[in-house]
2 protein chains.
Amino acid sequence: MNESVPPEPSHPADDITHHVGYLLKRAQAALRGAMDKVLREHGLTVPQYSTLELLAQHPGMSNADLARATFVTRQSGNVVLRGLQEAGLITRPTTADHGRARPARLTEEGQARLATVQAAVHAVEQRMIDALPARRVAALLTDLDRIATVLEE
Amino acid sequence: MNESVPPEPSHPADDITHHVGYLLKRAQAALRGAMDKVLREHGLTVPQYSTLELLAQHPGMSNADLARATFVTRQSGNVVLRGLQEAGLITRPTTADHGRARPARLTEEGQARLATVQAAVHAVEQRMIDALPARRVAALLTDLDRIATVLEE
DNA sequence: TCGTTCATGTCAGCATTTTGACATGCCCGC
DNA sequence: GCGGGCATGTCAAAATGCTGACATGAACGA
């Protein structure tokens with residue numbers, strides 16, 4: 001059953017802007033821009049927000065954990081963590097009780113700041129979801145997961 | 001190890017790593033990494049490849065055009081263009097015949113280099129597509145397009 | 001016990017990208 | 001004509017991210 005897509009049978013690559021990779025990039029760029037715009041009003045960057053959100057769900061994550069989860073290097077993650085610490089939004093023990101990992105946790109102020117921006121960020125995500133047929137959202141999630149998984153190996 | 005996840009069974013929707021935004025980021029990061037790895041063997045970066053591909057389809061695009069199409073600033077686009085020009089893969093007129101825009105075009109060597117890497121890059125994209133149910137690919141494309149469109153405005 | 005291996009945190013240097021600014025050249029309404 | 005408005009190219013400086021390197025601490029097997 002290949003009849004549903006007959007437009008270009010012979011030419012495999014016509015318009016790059018309609019390839020999966022390009023659209024993935026475009027959607028991600030648009031999301032990044034929308035989040036940046038919203039977060040700037042609250043004095044946070046996207047990496048900072050992501051870190052706060054992760055720490056809220058998993059208190060005690062180390063710098064290396066957070067770096068992996070946010071898709072940056074440990075070095076970049078460290079910079080973000082220092083910024084958040086200077087802003088008083090997180091705390092890290094000065095000495096590691098086990099290994100070298102220093103578990104990070106949200107401060108009261110960190111939790112408050114996160115709660116403030118969550119509404120705005122979630123509104124952005126809702127705009128995304130509302131733009132899609134409701135019954136396709138779940139499929140999109142599994143598809144994106146499969147793409148990531150197959151390319152990560 | 002990063003053993004940081006024995007906490008309470010939170011609701012699936014509460015886990016950020018299953019949100020659309022996070023999966024979009026993860027898929028894009030994985031794609032970027034896979035393309036980087038493949039292109040490095042041919043001495044090209046992802047922005048350079050993207051620019052070559054766009055110029056192959058649309059000869060004469062200006063720096064500003066390319067910057068918009070690759071989701072970077074004009075300044076960054078200019079750096080990429082200079083690199084490609086130094087490598088002898090593209091040419092740009094030293095003076096603009098109309099306005100300030102200087103249309104870029106692939107050289108013979110540029111076309112050859114592009115043809116060489118296209119197979120490798122397309123193989124990556126094929127791995128993505130093969131990881132998905134065939135009948136969902138078209139839906140994924142339209143969904144990504146809708147996400148990008150709604151967030152770009 | 002000891003040595004190897006691995007993960008982590010951190011420093012330094014480099015590359016890339018962005019922000020901000022400015023000059024130049026078209027278009028379009030007046 | 002001609003002026004404002006806009007898009008483009010480019011420079012300089014700052015921000016951001018990465019690679020390479022090193023030291024420390026834990027886990028594991030000989």
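Lettering follows sequence order; numbering is per chain, from 1. Scope of the values below: all heavy atoms of this structure, side chains included, with no hydrogens, waters or symmetry mates.
- Atom CG of A:Leu44 and atom OH of A:Tyr49 lie 10.0 Å apart (nearest 0.5 Å).
- Of the residues in residues 22-46 of chain A, none lies under 4.0 Å from DNA chain D by heavy-atom distance.
- Going from atom CG of A:Asp130 over to atom CD of A:Glu125 covers 11.0 Å, rounded to the nearest 0.5 Å.
- Atom pair A:Arg68:CZ and D:dC18:C1' shows a separation of 17 Å (rounding to whole Å applied).
- Within the 3.5 Å criterion, the main-chain N or O of B:Leu84 finds no donor-acceptor partner in the side chain of B:Gln48.
- At least one donor-acceptor pair under 3.5 Å links the side chain of B:Thr107 to the backbone N or O of B:Leu89.
- Looking at A:Gln28 and A:Arg32, their side chains come closer than 4.5 Å, going by heavy atoms from C-beta outward.
- Going from atom OG1 of B:Thr116 over to atom CZ of B:Arg113 covers 7.5 Å, rounded to the nearest 0.5 Å.
- At a non-hydrogen distance threshold of 4.0 Å, B:Arg74, B:Gln75, B:Ser76 from residues 74-92 of chain B come into contact with DNA chain C.
- Here salt bridge (charged side-chain N to carboxylate O under 4.0 Å, His left out) pairs that include residues 140-153 of chain A, with residues two or more places apart or in two chains, are A:Asp143-B:Arg136, A:Asp145-B:Arg26, A:Glu152-B:Arg26, A:Glu153-B:Arg127.
- Distance, A:Leu66 CG to C:dT10 P: 13 Å, rounded to whole Å.
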Hey, can you pull the donor-acceptor pairs under 3.5 Å for the side chains in residues 65-81 of chain B, sequence neighbours left out?
residue: B:Asp65; atom: OD1; partner: B:Arg68; partner atom: NH2; Å: 3.0
residue: B:Asp65; atom: OD2; partner: B:Ser62; partner atom: N; Å: 3.2
residue: B:Asp65; atom: OD2; partner: B:Ser62; partner atom: OG; Å: 3.1
residue: B:Thr70; atom: OG1; partner: B:Leu66; partner atom: O; Å: 2.8
residue: B:Thr70; atom: OG1; partner: B:Ala67; partner atom: O; Å: 3.4
residue: B:Thr73; atom: OG1; partner: B:Ser76; partner atom: N; Å: 3.3
residue: B:Thr73; atom: OG1; partner: B:Ser76; partner atom: OG; Å: 3.2

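- Between B:Leu106 and B:Leu114 there is a side-chain heavy-atom pair separated by less than 4.5 Å.
- Remark: B:Ala120 pairs with B:Val38, B:His42 by the side-chain contact (heavy atoms from CB on, under 4.5 Å) rule, at least two apart or across chains.
- Residues of residues 96-107 of chain A that place a heavy atom closer than 4.0 Å to DNA chain D, in numerical order, are A:His98, A:Gly99, A:Arg100.
- For the pair A:Thr73 and D:dG17, the criterion of a side-chain N or O lying under 4.0 Å from OP1 or OP2 is not met.
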